[in-house]
Amino acid sequence: MVTRNLSAQGLLSDSEQKQVALSYLHEAWAEATHDGIDADCLAQACLFSALSEMVGTYGEEATAKFTENLSARIMRGEFSVVQSRQ
């Protein structure tokens, strides 16, 4: 895939790489739910995988510090998806 090659060559900015990564996750999520995997199980597996990766990359202390503010960010709506009604 071209996007993977561009990313590997450093031609995508951090923001662009995050958008591409998110699109991969959305595709995997859709495929898993299509196969009957419960969305709550997916969410928990994604959180576990993400936090494990961060601990492996940055260590437990840095990851714990990063997650300290997640509760407040959730309450501010940073992770809420606005759905339009038609």
statement: Between the OG atom in Ser80 and the CE atom in Met75, the distance rounded to the nearest 0.5 Å is 9.5 Å
Partner set under salt bridge (Lys or Arg N to Asp or Glu O under 4.0 Å) for Glu78, not counting sequence neighbours: Arg73, Arg76
- request: Enter the distance from Tyr58:OH to Glu53:CD here, rounded to the nearest 0.5 Å.
  value: 9.0 Å
query: Partners of Ala32 by side-chain contact (heavy atoms from CB on, under 4.5 Å), sequence neighbours excluded?
result: Ile37, Leu42
Could you pull out every donor-acceptor pair under 3.5 Å between side chains of residues 60-72 and any protein atom, sequence neighbours left out?
unit_1 : atom_1 : unit_2 : atom_2 : d
Thr63  : OG1    : Met54  : O      : 3.3
Thr63  : OG1    : Val55  : N      : 3.4
Thr63  : OG1    : Gly59  : O      : 2.8
Thr67  : OG1    : Thr63  : O      : 3.3
Thr67  : OG1    : Ala64  : O      : 3.0

task: Would you indicate whether Phe48, at its atom CZ, is surrounded by more than 12 heavy atoms from other residues, nucleotides or ligands within a distance under 6.0 Å?
output: no
- prompt: Hey, which of Asp14, Val20, Leu12 is the one that makes side-chain contact (heavy atoms from CB on, under 4.5 Å) with Glu16?
  reply: Leu12
query: What pair of heavy atoms forms the shortest contact from Trp29 to Cys46, and how long is it?
result: CZ3-SG, 3.9 Å
